[in-house]
Protein chains: 2
Amino acid sequence: MSETNVASVPPGKREQTKAANRQAILDAARAVFAELGYGATTVRDIIRRTGLASGTFYNYFRSKEEVFQALMDESALRIRPRLKEERLKAKTFEGFLHGMFAVFFTYVLEDNHGYEMMRANTGAIRVRMDTPEVIAGFEELRVDIDSGIARGVIPDVDAEYLTASLIGIAFEMADRIVTRDDPDPEEAARFATELVVGGIAKVAAGG
Amino acid sequence: MSETNVASVPPGKREQTKAANRQAILDAARAVFAELGYGATTVRDIIRRTGLASGTFYNYFRSKEEVFQALMDESALRIRPRLKEERLKAKTFEGFLHGMFAVFFTYVLEDNHGYEMMRANTGAIRVRMDTPEVIAGFEELRVDIDSGIARGVIPDVDAEYLTASLIGIAFEMADRIVTRDDPDPEEAARFATELVVGGIAKVAAGG
DNA sequence: AACGAAACGTGACGATCCGTCAATTTCTCC
DNA sequence: GGAGAAATTGACGGATCGTCACGTTTCGTT
């Protein structure tokens, strides 16, 4: 036997360069998006920075939009495990919320590279893309809320509106946090958590 | 005296067609944005629908982005008076919030033409533009919150985070409302209002 | 090691869009 | 009416788009 007694297949030069090229394009795209904004960047801007030929880009992605989606998915894949971990160790609904907000705000701050990407420098346009991975994250949240309501840990309120509110608060507050002089994700998470916890109680009480 | 005994200047053909052309471009843009999505539409798509020459577009707007901004401003100008009215007749903070949310959700529903504009049909990209008029609306809200806190009508919480939360809740909930089978802006406004009112109380209480 | 097939990178190509501008038409005012 | 300002027009150079035929690299086989 020459090789592959291990289950994993040896890389193979073909797949190596393929993965390298794909990553090179993603890295270049991240940089260019952050520099020019999503709206102003062109496929050529991205591929130029990699040294590859223009046609090669289309072997990996179908459009600028699709690279952006891949980058969003990358982010979502990085943050979802942290959210899951937080979710598992939460004993109370309040702890659950606080963990989620804190992880999200912290991530956005340490990553703001990727967050600035969503702002088109020209004008005041903001782009947001709900990719499959992002949506999956939203749905995990939604499932936990449904389950929390079913188990009586969360008061019986409109789960869709609640999920939407959490997402809206998280994204809009994140936007303010990254522009603060001395951002404090912990403080922000406390604010958001108490807002929601106190709010739900009142919603459930029916006024 | 031939004319203009009234203070108002007679229209004048020049200004007439100018206003007509501008409006034609705006109307065409609204239709095309709603049809193709913001990302996919080109200046040519817009101008083609008006029958004007391509060069004429640039006599009125500098770019696709600027037409979009004009459309957003139009919307903001339409809704701000309604919000102001609601704000003036509000006796309590709760009434204030409820009025704002109800007006906003109702507007979004009856206008969803303009709301769909923000969705790029291709993929799941959403664009949002905070134009001067929109920002002015946000700041009016912020000012009222600051004032409410100063007068003791609103508990003393972080006004920036509170404003952000309101905006986040409003936009994200609006997104869900327009996709519901039988949308009820009143119910949604009640949810949002109680969420915030109850939440603020808890935030102010400090846990 | 040599070979053939398949996969991949390359850059040129036609189509389209961008923003500009000189020529032309339309309006205003004397 | 007619001079002059203002606005419209469409063609132009520059650039991007997505495709495709071609050349090169890799892989499995003999």
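Please read all numbers here as calculations on a predicted model, not as lab measurements. The sequence lines fix the lettering, A, B, ..., with proteins before strands; numbering per chain opens at 1.
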Next item on the list: Return the orientation label for the A/Phe57 and A/Phe61 ring planes: parallel under 30°, perpendicular over 60°, tilted otherwise.
Entry: tilted
Notebook entry, point to check: Using the ring of each side chain (for Trp, its six-membered ring), is B/Phe68 parallel, tilted or perpendicular to B/Tyr38, with breaks at 30° and 60°?
Noted result: tilted
Checklist line | Proximity to the side chain of A/Tyr60 - top-ranked nucleotide from C/dC17, C/dG9, C/dT28 | finding: C/dG9
Item checked: Integer-rounded Å distance: C/dC18 P and B/Asp45 CG -> 8 Å
Note to self: Rounded to whole Å, how long is the line connecting atom OH of A/Tyr58 with atom C1' of D/dG18?
What the structure shows: 5 Å
Margin query: What is the distance, to the nearest angstrom, from the CD atom on A/Glu15 to the P atom on D/dC27?
Written below: 9 Å
Item checked: A/Phe57 CZ to D/dG18 P, straight-line distance once rounded to whole Å -> 8 Å
Item checked: Integer-rounded Å distance: C/dG9 P and A/Asn21 CG -> 5 Å
Check: Within this structure, what is the CD-to-P distance between A/Gln16 and C/dG9, rounded to whole angstrom?
Finding: 14 Å
Notebook entry, point to check: At under 4.0 Å, does any side-chain N or O of A/Arg14 touch on OP1 or OP2 of C/dC8?
Noted result: no
Note to self: Using 30° and 60° as the class boundaries, would you call the ring planes of A/Phe138 and A/Phe171 parallel, tilted or perpendicular?
What the structure shows: perpendicular
Next item on the list: Side chain of A/Asn59 only, please: which of C/dC18, D/dA7, C/dC8 is the nearest?
Entry: C/dC8
Margin query: Check this one for me: any side-chain N or O of B/Arg48 less than 4.0 Å away from OP1 or OP2 of D/dG10?
Written below: no
Margin query: Using the rule given for side chain to side chain contact (heavy atoms under 4.5 Å, CB included), can you reason through B/Ser54 versus B/Val43, listing the C-alpha separation, both sets of side-chain angles and the distance that settles it, and then say yes or no?
Written below: CA-CA 8 Å; B/Ser54 66; B/Val43 169; over 6 Å; no
Checklist line | Nucleotide nearest B/Ser54 when distance is taken to its side chain, options D/dA11, D/dT19, C/dG9 | finding: D/dA11
Next item on the list: In whole angstrom, give the distance that lies between atom NZ of B/Lys64 and atom C1' of C/dC18.
Entry: 12 Å
Note to self: Need to verify one output field. Residue with the more 5' nearest nucleotide on DNA chain C, B/Arg62 or A/Gly51?
What the structure shows: A/Gly51
Notebook entry, point to check: Within the structure, does a side-chain N or O atom of A/Arg44 lie under 4.0 Å from either OP1 or OP2 of D/dA15?
Noted result: no
Next item on the list: Verify the contact: side-chain N or O of A/Lys18 to OP1 or OP2 of C/dC8, cut-off strictly under 4.0 Å; return yes or no.
Entry: yes
Note to self: Whole angstroms only, please: what is the CD-C1' distance between A/Glu65 and D/dG18?
What the structure shows: 15 Å
Next item on the list: Mind checking A/Thr42 for me? I need base, sugar-phosphate or nothing, with any heavy atom below 4.0 Å counting as a touch.
Entry: sugar-phosphate
Next item on the list: Hey, which sits more toward the 5' end of DNA chain C by its nearest nucleotide, B/Thr56 or B/Lys13?
Entry: B/Thr56
Item checked: All side-chain hydrogen bond (donor to acceptor under 3.5 Å, both in side chains) counterparts of A/Glu139, not counting sequence neighbours -> none
